[in-house]
2 protein chains.
Amino acid sequence: MKGNHYNIPVEATLEVIGGKWKVLILCHLKNKKMRFSELQKSIPQITKKMLTQQLRELENDGIINRYVYQQVPPKVEYSLSDIGETLREVLDIMCAWGEKRINNQA
Amino acid sequence: MKGNHYNIPVEATLEVIGGKWKVLILCHLKNKKMRFSELQKSIPQITKKMLTQQLRELENDGIINRYVYQQVPPKVEYSLSDIGETLREVLDIMCAWGEKRINNQA
DNA sequence: AAACTAGGTTACTTAATAGTTACTAGGATA
DNA sequence: TATCCTAGTAACTATTAAGTAACCTAGTTT
């Protein structure tokens with residue numbers, strides 16, 4: 001939380017999960033912890049620059065954890081943090097609505 | 001629905017409510033139907049151009065209704081459509097998370 | 001010794017998003 | 001008759017987000 005001055009509370013949500021990629025990333029991470037390269041494969045359109053950038057922001061906002069294995073070549077795993085877990089129902093319901101929409105039920 | 005080719009269903013959700021303004025607009029409309037100028041007042045940062053643009057897109061996606069009163073000066077009211085109503089739980093839960101976040105419970 | 005690896009970073013370019021200003025309609029009000 | 005009102009639109013500019021390509025690290029395999 002930074003600006004901490006919102007006209008309406010949902011702005012706090014958008015500050016954290018807004019933008020083109022974050023919900024996508026989190027929807028993958030809510031199922032399992034994933035490596036950088038796994039996320040890249042799962043989200044083919046994203047570039048490594050954007051992926052790095054978005055992961056850093058999510059980490060800074062306390063939503064995900066970043067665990068670096070001390071080995072070469074590098075291995076880094078990302079997972080939902082405890083705070084990130086509180087987003088699970090948000091993500092689940094967004095996913096569910098997308099499914100409904102695709103099946104023409106919305 | 002246009003591209004209709006998603007890697008993951010939540011992309012269908014993001015296609016409809018993604019971007020900087022739509023969730024904000026919808027969070028206002030979920031409580032009551034509103035006029036253009038009321039929305040503008042409720043979302044002070046938005047310009048009329050962006051508001052118009054976002055409202056048109058939401059209308060084209062079938063999420064909101066636009067009702068024009070035949071009078072001068074113009075009066076136009078926006079409200080959630082039936083399909084828009086199916087987004088209510090998504091919006092509610094996003095709002096709720098924002099409140100939690102602001103109160104340091106997330 | 002060269003090449004490969006994963007997970008990046010940097011500098012640069014391009015595309016998308018958003019803002020600004022001026023303008024419109026046409027009846028109601030001063 | 002001049003001005004106000006709301007809900008816009010149009011042309012243009014600025015800002016921000018995103019993409020591209022090259023480079024880095026340092027142990028492991030060829």
Side-chain angles (χ1 to χ4, degrees), chain A residues 2-3 6-8 11 13-26 28-29 32-61 63-80, chain B residues 2-3 6-8 10-11 14-26 28-29 32-61 63-80:
Chain A
K2 7 190 151 150
Y6 309 109
N7 294 300
I8 181 179
E11 289 177 31
T13 311
L14 294 173
E15 188 171 295
V16 171
I17 63 165
K20 193 172 170 180
W21 300 113
K22 286 179 181 169
V23 169
L24 242 47
I25 292 169
L26 293 172
H28 285 287
L29 289 181
K32 55 180 183 299
K33 66 180 181 229
M34 289 176 87
R35 297 180 63 172
F36 186 89
S37 52
E38 291 180 294
L39 282 167
Q40 244 192 135
K41 266 167 231 145
S42 303
I43 311 172
Q45 315 93 318
I46 203 172
T47 60
K48 44 168 62 179
K49 180 192 148 190
M50 287 313 297
L51 183 52
T52 306
Q53 195 177 104
Q54 302 301 304
L55 288 169
R56 289 290 175 281
E57 290 181 14
L58 288 169
E59 194 194 354
N60 291 338
D61 286 335
I63 306 301
I64 61 173
N65 294 133
R66 177 170 183 268
Y67 183 73
V68 181
Y69 291 81
Q70 283 308 136
Q71 60 180 56
V72 169
K75 178 176 177 182
V76 180
E77 273 182 348
Y78 294 92
S79 56
L80 287 191
Chain B
K2 4 188 153 155
Y6 309 108
N7 292 300
I8 182 179
V10 78
E11 289 177 29
L14 295 172
E15 188 172 295
V16 171
I17 62 165
K20 191 172 172 180
W21 301 113
K22 286 178 182 170
V23 169
L24 242 48
I25 292 169
L26 293 172
H28 285 287
L29 290 181
K32 56 180 182 301
K33 65 182 183 228
M34 288 176 87
R35 297 181 62 174
F36 186 89
S37 53
E38 289 180 295
L39 282 167
Q40 242 193 137
K41 265 168 231 144
S42 302
I43 311 173
Q45 315 93 319
I46 203 171
T47 60
K48 44 168 63 178
K49 179 190 149 189
M50 287 313 297
L51 183 53
T52 306
Q53 195 176 105
Q54 303 299 305
L55 288 169
R56 288 293 174 279
E57 289 180 14
L58 288 169
E59 196 193 353
N60 291 337
D61 286 335
I63 306 301
I64 61 172
N65 294 133
R66 178 170 182 266
Y67 184 73
V68 182
Y69 290 81
Q70 283 307 134
Q71 63 181 54
V72 169
K75 178 176 177 181
V76 180
E77 272 183 349
Y78 293 93
S79 56
L80 287 191

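These numbers come from the heavy atoms of this one structure, side chains and all, not from hydrogens, waters or symmetry mates. Letters go in sequence order (proteins before strands), and every chain restarts at 1. This structure is a prediction, so every number in the text was calculated from the model and none was measured.
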- Query: What's the CD-C1' distance between Glu59(A) and dG7(C), to the nearest Å?
  - Reply: 13 Å

- From CD of Gln70(A) across to C1' of dT28(D) the rounded distance in Å is 17 Å

- Using a 4.0 Å heavy-atom cut-off across all strands, classify Tyr78(B) as base, sugar-phosphate, or nothing. sugar-phosphate

- Query: Could you state the interatomic distance from CG (Asp61(B)) to CD (Glu15(B)), rounded to the nearest 0.5 Å?
  - Reply: 7.0 Å

- Note on the structure: To the nearest angstrom, the CD-C1' distance between Gln53(B) and dA7(D) comes to 16 Å

- Could you please name the option among dG19(D), dA18(C), dT6(D) that lies closest to any side-chain atom of Trp21(B)? dA18(C)

- To the nearest angstrom, how far is Gln54(B) atom CD from dG19(C) atom P? 10 Å

- Query: Looking for any heavy atom pair under 4.0 Å, which part of the strands does Lys20(A) touch: base, sugar-phosphate only, or nothing?
  - Reply: sugar-phosphate

- Message: Just to be sure I understand the rule, does Lys48(A) reach a base, reach only the sugar-phosphate, or reach nothing, if contact means heavy atoms closer than 4.0 Å?
- Response: base

- Taking for each residue the nucleotide of DNA chain D with the nearest heavy atom, is it Ser37(B) or Lys49(B) whose nucleotide lies nearer the 5' end? Ser37(B)

- Rounded to the nearest angstrom, tell me the gap between atom CE in Met50(A) and atom P in dT9(C). 13 Å

- Query: CG of Asn7(A) to CD1 of Ile43(B): how many Å apart, nearest 0.5 Å?
  - Reply: 9.0 Å

- Message: Without decimals, in angstroms, what is the distance between Glu38(B) CD and dC5(D) P?
- Response: 17 Å

- Message: Using whole Å, what does the distance between atom P of nucleotide dG8(C) and atom CD of Gln40(A) come to?
- Response: 10 Å

- One should read off an interatomic distance between Leu51(A) CG and Leu39(A) CG, to the nearest 0.5 angstrom, of 5.5 Å

- Should the pair Glu38(B)-Lys32(B) be classified as a salt bridge under the 4.0 Å nitrogen-to-oxygen rule? no

- Task: Starting from P on dG19(C), measure out to CD1 on Ile46(B) and report it in whole angstrom.
- Result: 8 Å

- Item | Closest-nucleotide ordering on DNA chain D, the 5'-leading residue of Gly19(A) and Val76(B) | Val76(B)

